[in-house]
Asker: 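One structure coming up, written as structure tokens, with questions to follow.
We count ligands from 1, going down the list as the structure has it; atoms in each ligand are counted the same way. Residue indices begin at 1 and follow the sequence shown.
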Amino acid sequence: MTGDARTGELRDGLRVVRSRIDDACHHAGRPTSEVSLIVVTKYFPSADVLRLHDLGVRDVGENRDQEASRKVGELPDPVRADLTVHFIGQLQSNKARHVAAYADVVHSLDRTKLVRALDRAALEHERTLDVLVQVDLSGGDAGRGGSEPGQVSRLADQVEEARGLRLRGLMAVAPLGAPARPAFEHLADLADRIRADHPAATWMSAGMSGDLEDAVMCGATHLRVGSAILGSRPARR
Ligand SMILES: *Cc1c(COP(=O)(O)O)cnc(C)c1O
């Protein structure tokens, strides 16, 4: 599969994005090793996940439960075992049990009900789930999920107490139609405060195809990049 045209496109996309990350790190005075790339494969088939794996990608992100579960299930065991699957989409608590079966990390925990549901599901599946608390940086104009900034510390405490969950840090999406930088600065500030109480919560998941430079500048440790690598969203089948 490594030789096909699609693999070439993905290789080029990865090269461009990795070089953008290198430049941004250089500009921010940060070592590239501090920044992980999660390739968001939503809307694209599991064949692309396989190609990305061939190209050295080890972290993939998905945002819809049904699609994610089907695609992860299609991967051969050794490839699956080699990947970290990040669930980054809005999550209903009645889906928590399903998501906990295949996701390694959940970035979108944004309410108490989900802490309980994910914890119970993780314990049932006899695994520990890494979770990030998602923050709504839009000032209430939600729609993309996330907890109010004022609630983040309480949620972080609840995750810390949940035996099936491991608090890794905070996640956010930049608000639509507003500059990303101030939003990511706000997130970095919240992440610092959370880290003061929870030293192991070192992750800051922020930055997508359009704003990864701003995110690196503000201290992001995990970038979630889709279209800049896989191309624009294909027609739904
Ligand atoms: C789709 C998605 C991304 C990736 O967005 P691109 O603009 O395609 O890079 C990142 N984060 C979340 C939460 C997403 O849903």
Asker: Among Thr41, Val49, Asp48, which residue satisfies the side chain to side chain contact (heavy atoms under 4.5 Å, CB included) criterion with Pro45?
Answerer: Asp48

Asker: Using a strict 4.0 Å threshold on nitrogen-to-oxygen distance, state whether Arg193 and Asp197 make a salt bridge.
Answerer: no

Asker: What are the two closest non-hydrogen atoms of Gly146 and Asp110, and how far apart are they?
Answerer: N-OD2, 3.0 Å

Asker: Looking only at protein heavy atoms, identify the closest one to atom 6 (P) of ligand 1 and say how far it is in Å.
Answerer: Ser209 OG, 3.4 Å

Asker: Regarding ligand 1, does Ile88 bring an N or O atom to under 3.5 Å of one of the ligand's N or O atoms?
Answerer: no

Asker: Return the closest protein heavy atom for atom 4 (C) of ligand 1 as residue, atom name and distance.
Answerer: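 Here the nearest protein heavy atom works out to Arg224 O, 3.5 Å.
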
Asker: Between Asp157 and Arg154, is there a side-chain N and carboxylate O pair less than 4.0 Å apart?
Answerer: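 Not counted as a salt bridge, because no side-chain N and carboxylate O are separated by less than 4.0 Å.
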
Asker: Tell me: protein heavy atom nearest atom 8 (O) of ligand 1, and distance?
Answerer: Ser227 N, 2.8 Å

Asker: Closer than 4.0 Å to some heavy atom of Asn63 - which atoms of ligand 1 meet that?
Answerer: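 That gives atoms 15 (O) of ligand 1.
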
Asker: Using a 6.0 Å cut-off, check whether atom NE2 of His125 has over 12 heavy atoms from anything other than its own residue.
Answerer: yes

Asker: Quick one: nearest non-hydrogen protein atom to atom 3 (C) of ligand 1, plus distance?
Answerer: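 It is Met208 SD, 3.7 Å.
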
Asker: Does a salt bridge link Arg20 with Asp23, judged by any charged N lying under 4.0 Å from a carboxylate O?
Answerer: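 Looking at Asp23 together with Arg20, the answer is no, because their closest N to O distance does not fall below 4.0 Å.
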
Asker: Please state which protein non-hydrogen atom is closest to atom 1 (C) of ligand 1 and give its distance, to 0.1 Å?
Answerer: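 Going by distance alone, atom 1 (C) of ligand 1 is nearest to Lys42 NZ, 1.4 Å.
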
Asker: Which ligand 1 atoms are under 4.0 Å away from a heavy-atom of Val225?
Answerer: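 Per the distance check, 9 (O).
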
